[in-house]
Amino acid sequence: MKHLCAILFSVAAIAAPPTVIRNATILTITKGVVKNGSIVIRDGKIAEVGENVSVPEGAQVIDAAGQFVMPGMIDAHSHITAESVNEGSVSVSSMVGVDDVLNPEDIALYRALAGGVTTLSIMHGSANAIGGKCIVIKARWGKDAPGIVFEGAMPVIKFALGENPKRSGGTPVAQGGRGRYPATRMGVEDVFREAFTEAKNYQAEWREYNEKIKRGENAIAPHRDLKLEPLVEVLEGKRYVHAHGYRSDEMLMLLKVSDEFGFKIRFFVHGLEGYKIAKELAAHDVGVSTFSDWWSYKVEAYDAIPYNAALLMKKGVLVSLNSDDAELMRHMNQEAAKTVKYGGLTETEALSLVTINPAKQLGVDKQVGSIEAGKDADLVIFDKHPLSNYAKVQKVLIDGTVYFDRDKEQSELSKKDARKKALIDKEKQQQQQESPRRPGAARRPS
Amino acid sequence: MSKLIRFALLYAGIAAAAPPSGVAIRNARIVTVAGPTIEKGVVIVRGGLIEQVGADLSIPADVWTIDGQGLTVYPGLIDALSTIGLPDAAPAAAPAGRAGAGRPTAIAPATGAPGAAATPPARGPEDRPSTTSWQNAADLAQPTDRRIETFRNGGFTSVGAFPMRGIFAGQGALLNLAGDKAGQMVIASPLGQYITLASSGFSGGFPGSLMGAIAYIRQVYIDADQYKAAKALYAKNPRGLTRPDYDRALEGVLESPRALLPASRAVEIARMIRFGEELKQPFILYGLNEGYRSADLLKQAGAPVLVSLKWPEKTRDGDPEEVETLRALETRASAPGTPAALARAGVMFAFYTDGVATPRDVMKAVRKAIDAGLTQDDAVRAMTLSAAKIYGLEDRLGSVEKGKIANLVVTKGDLFQDKTEVKYVFVDGQKFEPAEETPAPPSRQRETQ
């Protein structure tokens, strides 16, 4: 308990002593590979990277001889720690936000951390055309909900296209069900048009009110609408749109709608058919966050190919790999490795798919995504090259603090098991005391 | 002795004097809660109020007396959050097992006017889903609720009664557990707005998720603010202004002096503290299974809490092969330590029965808290004065003090002991003598297995 309270009250103030990681192969992603190099960490930031660094006095030293250091990996599409994922009751649910329901005690967060993932975008689901607000977090296991939020990340909203928002499988109202509009892809497009028309009116209403007030007129403020506010932010470029979509035709549809209403799509999530429209995506400066080789789980995912990421990258599209899953996220480095085989990306290009590229897509590339002086010290130490199937995460640092240490964790496992056993035994004992054997059937008179 | 006096007084009555107009309990141990315990003293009850309390009091001639030798007088117990007295207001489906208060429950459709068509699924906050914020327990109270007698016999004299269906379920009232008419039961109203985070899933209309319920509540409070401001502006100078629409959902929210928010797990407690602060109005958390982990945070927030006496239990008929998480095991083992932790941290808390069916089981649950470190005094306080204070009613209720409402429970033995007998219960000065203990109903047999 003490431990937790300490954590709750020390969210902002982490003043760790300087740390130095030494003798490591450093995969900086943006500045090449430093063999036998060191990283100096001060106040949670990377202070210096190179073969020869000045080691501050009293620094805590992590000897990483024979090991590999890479930036903490970034998963641009996750649902872990969210205690609800979809507000699927309505087609436009922009009033809801995943940040309201974060559970920093979700064990999946620890598993992400142990897999070397340090930043995740926790997204609303894809049940409706305009979903909810998403939130970018860091895997600061042990902190409270505000403590895991990535400070300064761009606000994000989730949109969705295709099968999910049109609720294929649900019974539509016309047939006696309680299914929700829309039931077709045409309807999905209409939802965007209607919502943004409404948002523009709302924007105008507030402008008008503000002008009236400025002129000193008597006016009642318009109704504040939490559903339309985020859409106005999208129109004003203050909020990114991350849009779920599989098929090339509907991704093009959304690009058309966004052009018409004057907002931008930051990236498509999934985008399994992205390779078909790479040129159009690149021209719109729209990214794609895709899977390495996960497909055919539904009809709109049949046309996928494992070369998607590589092809998109070569056409100049900002592309990343994501997990959308609490298991896949635990080996994002291996997902990246697949693009070396399928598409022939270089090692650095492959790793950029799970580091600097998703950082750019989430708008946090000034803080994370590569090993450079001035950036957050979010680092993963692997025992082997992270693109190897045999590589295991040894240590994970976030803001310069070691949040995961394989050796330490393993030594603590037996303690946790013992505590668990003691609690189970105690409960069994109590149960026996509280309910002594019932007068049984055996004592019934014959 | 008392028989003699009674006889004498009766006789006097026949001889045209006024009948005794009060009751005095003498020679009793009096746990006043507000001040020190009086080891041997007198309590005089008259006109529904406590007329006098003290160690050395002369007993007036015109009262019945009860010899309290070997008996203890406590303030009447308060169930701080309950549907007792509101037979139709219980939650539609009681959440099973652990972490009751924080779990979304099924929503009962809002009660429409007679003959109204079935409510279509809500399209958004504007349809005010699962909202009956204007309902008031004071208007819903029914003296015929059978639980009134059951709990009164166990020493409970009042309840913080709340409608519990829906997201904005309605306003509570403090009810006395006696009275022939509903109006006589009401001590104070409204106490606050009972809020849940209920949601309906994908096909039941908005909100269909936990975050949807939270967003809805947030929007309603924003709307209420705007509504209030718009109404005030319009009232001041209606000329040239569009009349704001009347909204009973917002009227109900604005009438409520505080919000009651559900929070059982530590994560929920932290979440609801942040949310309550955002709503910018006084709030109370209820549930608190994992309050033992959040005592310092609660102290800092300064919000009072209502602790459920339904301690989390292992799921019955669960998969015997299932290996539970360490956290689930720890919560179950430590939840009864919540009251002690809150008392140590100085957090204002009261107990509520949360559907525990009999007063005997309620006392058993309190004993668990005492075994986990809560002092007897703090336990009594959590069921009396603290409950009154949380609702701002400590000027009339919650302790044995001169001038307060005569709600008392008189026991043989300490309140929380297994063999304790409730001898008398006074509600508004009216004396009740619980019948001899009846054999336990079968449902309780199952409870202890």
Side-chain angles (χ1 to χ4, degrees), chain A residues 1 4-5 8-9 82-107 124-125 127 132-133 144-146 167 170-171 177-180 217-227 416-417 419-420 422-424 426-427 431 434-435 438, chain B residues 104 120-125 199-216 218-219 222-223 225-226 229-230 233-234 237 239-242 244 265-267 270-271 274-275 292-297 300 314 323-327 329-330 332-334 341 445 448-449:
Chain A
M1 191 183 100
L4 186 99
C5 293
L8 287 175
F9 290 114
E83 291 200 331
S84 61
V85 173
N86 274 300
E87 177 54 52
S89 65
V90 286
S91 310
V92 181
S93 66
S94 34
M95 73 292 269
V96 309
V98 176
D99 56 333
D100 279 332
V101 292
L102 288 180
N103 174 8
E105 297 184 358
D106 181 359
I107 193 67
H124 184 277
K133 292 170 276 184
D144 64 357
R167 295 248 60 76
T171 318
R178 302 186 86 189
R180 171 209 80 187
E217 285 175 34
N218 192 18
I220 293 177
H223 171 249
R224 232 190 104 193
D225 193 326
L226 295 181
K227 181 181 84 176
K416 280 181 186 156
D417 282 344
R419 167 102 181 114
K420 208 163 160 174
L423 284 168
I424 291 170
K426 196 177 153 197
E427 201 166 57
Q431 270 172 352
E434 277 175 26
S435 57
R438 249 192 312 171
Chain B
R123 292 156 302 177
S199 59
S200 57
F202 266 29
S203 52
F206 180 83
S209 66
L210 176 62
M211 62 188 160
I214 291 176
Y216 173 54
R218 178 179 290 130
Q219 180 74 64
I222 289 173
D223 291 354
D225 259 2
Q226 200 248 4
L233 195 66
Y234 186 76
N237 181 12
R239 201 158 293 200
L241 288 179
T242 311
R265 291 174 296 137
V267 166
R271 179 185 295 153
R274 290 193 300 274
F275 192 51
Y292 64 95
R293 294 175 59 195
S294 314
D296 293 338
L297 192 67
Q300 210 183 26
K314 196 178 163 79
V323 181
E324 289 182 282
T325 61
L326 180 56
R327 189 167 290 139
L329 290 163
E330 270 177 347
R332 219 152 57 216
S334 308
Q445 289 275 335
T448 49
Q449 265 171 35

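Chain letters run A, B, ... following the sequence lines, proteins first and then strands; every chain starts at 1.
Interface remark: L326(B) contributes backbone and side-chain atoms alike to the contact with chain A (heavy atom separation under 4.5 Å). For a residue to count as touching a neighbouring chain, one of its non-hydrogen atoms must lie under 4.5 Å from one of that chain's; by this rule D225(B) does not touch chain A. D225(A) touches chain B through backbone and side chain together, each having a heavy atom under 4.5 Å away. Contact annotation for A219(A): only backbone heavy atoms (N, CA, C, O) come within less than 4.5 Å of a heavy atom of chain B. Proximity to chain B (any heavy atom under 4.5 Å) is restricted, for L102(A), to the backbone atoms N, CA, C and O. When heavy atoms are compared at a cutoff of 4.5 Å, V98(A) approaches chain B by way of both its backbone and its side chain. For chain A, the nearby parts of Q219(B) are the backbone and the side chain; heavy atoms of each come within less than 4.5 Å. In this structure, the portions of L329(B) lying under 4.5 Å from any heavy atom of chain A include both its backbone and its side chain. Contact of R218(B) with chain A is made through backbone and side chain together, with heavy-atom distances under 4.5 Å.
Comparing T325(B), T242(B), L241(B) by how many heavy-atom pairs each has under 4.5 Å with chain A, the most go to L241(B). Highest contact tally toward chain B, considering only S91(A), G97(A), G132(A), is held by G97(A) [criterion: heavy-atom pairs under 4.5 Å].
Note that the OG atom of S334(B) and the CG atom of L423(A) stand 7.0 Å from one another [nearest 0.5 Å]. With rounding to the nearest 0.5 Å, the separation of CD in E105(A) from CG in D144(A) is 9.5 Å.
Nearest heavy-atom pair, S89(A) versus G208(B), reported as atom, atom and distance to 0.1 Å: OG-N, 3.8 Å.
Contact check for V323(B) versus K420(A): side-chain heavy atoms found under the 4.5 Å cut-off. By the 4.5 Å heavy-atom criterion applied to side chains, Q226(B) and R224(A) are not counted as neighbours. In this structure the side chain of E83(A) reaches within 4.5 angstrom of the side chain of R271(B), judged on heavy atoms. You'll find the side chain of E330(B) reaches within 4.5 Å of the side chain of R419(A), heavy atoms only.
Other residues, nucleotides and ligands contribute only 12 or fewer heavy atoms inside 6.0 Å of the CZ atom of R123(B).
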